[in-house]
A.B. asks: 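I am attaching a structure below and will ask some questions about it afterwards.
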Amino acid sequence: MKTDKLAKTFCVDSGKHFRLKDFDPASTGHWRSKEHAAESLQEGICRMAELQDKLYAQDRWALLLIFQAMDAAGKDGVIKHVMSGVNPQGCQVHSFKAPSDVELQHDFLWRTTCDLPERGHIGIFNRSYYEEVLVVRVHPDILKSQKTPPSLVGKKLWEERFEDIRCFEKHMARSGTVIRKFFLNVSKKEQKRRFLARLDEPEKNWKFSAADIRERGCWEDYQKAYEDMIRNTASEHAPWYVVPADNKWFTRLVVSTVIVDALESLQLAYPTVSDEKRKELAGARKELVK
Ligand code: ATP
Ligand code: MG
């Protein structure tokens with residue numbers, strides 16, 4: 001089955017009329033089953049590997065992939081599966097937890113800026129600066145530990161953070177970093193099922209964290225925060241993809257399609273060799289076969 005329109009279906013590149021409830025976490029588009037999607041997923045992964053090779057060789061563009069989601073939505077699994085075909089030399093994954101003391105000495109974009117992908121590379125953020133308008137918004141107490149001068153923490157704080165993020169992403173896009181942002185949209189019911197599996201299946205016990213259950217208690221606040229975040233930070237140069245996450249196989253298919261589309265749009269090509277270089281290669285060849 002063709003994946004042509006798949007990326008577009010879940011793309012939000014203008015937040016104006018965005019409503020989270022218009023996106024069904026259980027959707028699987030026209031795909032009926034995991035087996036049905038397997039071939040398309042495999043094709044996507046192979047294509048991604050070819051394109052990454054050119055991205056690396058051309059050394060002009062960088063690709064930044066941002067993953068945000070509620071716990072157990074499948075961020076780790078998507079990253080593992082979708083990137084299984086790419087060359088690790090040109091791809092780095094960074095996970096962002098609660099900021100350290102050193103990180104709190106700086107502005108909220110600082111720590112992620114240090115880990116942005118260099119030209120020719122793919123950078124994956126497992127959580128990101130978007131936590132600053134999600135967990136921090138849902139738990140405003142965190143703000144107190146952030147050391148921002150109190151006179152700068154006003155009523156417009158969230159608007160200001162959205163503006164900072166928009167400007168930052170515009171700047172990155174203008175410098176050659178292509179940004180694609182994924183919100184893995186899992187339902188509350190499916191999250192419960194996955195948490196229960198973490199409790200009931202010994203090989204999944206290690207994934208369980210009591211903090212995840214506490215965050216689940218704030219489900220509605222998080223949904224509002226995600227909706228507002230997408231409304232305020234979706235743009236053509238840094239779109240959000242609201243990816244259905246109740247079926248892991250479909251999440252992976254959509255994410256791989258979006259990445260392939262993003263790389264295809266760059267019309268990547270291997271660098272061409274100058275006449276002088278060609279002469280040098282011919283000389284080296286002669287020498288070798290002598
Ligand atoms: P997994 O549970 O799959 O290992 P995870 O991304 O949930 O992955 P955890 O260590 O469980 O990793 O959680 C990281 C925590 O750090 C999350 O609760 C997240 O909200 C929190 N966090 C990330 N960035 C910030 C931030 N800027 N301020 C406060 N908390 C943050
Ligand atoms: Mg967690």
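Just so we're clear, the structure is a prediction, and the values are computed from it rather than from any experiment. Counting starts at 1 for both ligands and their atoms, following the listed order. We use all heavy atoms of the structure for the numbers below, so side chains are in, but hydrogens, waters and symmetry mates are not.
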A.B. asks: Using the six-membered ring wherever Trp is involved, compare the ring planes of Phe250 and Trp31 and label them parallel, tilted or perpendicular (cut-offs 30° and 60°).
C.D. replies: tilted

A.B. asks: If you consider just the N/O/S atoms, which atom of Asp71 is the closest one to the Mg ion (ligand 2)?
C.D. replies: OD1

A.B. asks: Inspect the contact between Glu280 and Lys277 and indicate whether a charged nitrogen and a carboxylate oxygen are less than 4.0 angstrom apart.
C.D. replies: yes

A.B. asks: Let me know which protein residues bring a heavy atom to under 4.0 Å of ligand 1; chain then number is fine for ordering.
C.D. replies: Asp71, Lys75, Asp76, Phe96, Lys97, Ala98, Pro99, Arg111, Arg127, Glu131, Glu132, Val135, Val136

A.B. asks: Kindly assign one of parallel, tilted or perpendicular to the pair Phe168 and His171, based on the angle between their ring planes and the thresholds 30° and 60°.
C.D. replies: tilted

A.B. asks: If we check ring-ring contact (aromatic ring centres under 6.0 Å, His included) with Trp240, which of these qualifies: Tyr130, Phe10, Phe18?
C.D. replies: Tyr130

A.B. asks: Among His94, Lys181, Gln68, which one satisfies side chain to side chain donor-acceptor pair (under 3.5 Å) with Ser128?
C.D. replies: Gln68

A.B. asks: Is the NZ or CZ atom of Arg161 positioned over Phe108's six-membered ring, under 6.0 angstrom from the centre and within 45° of the axis?
C.D. replies: yes

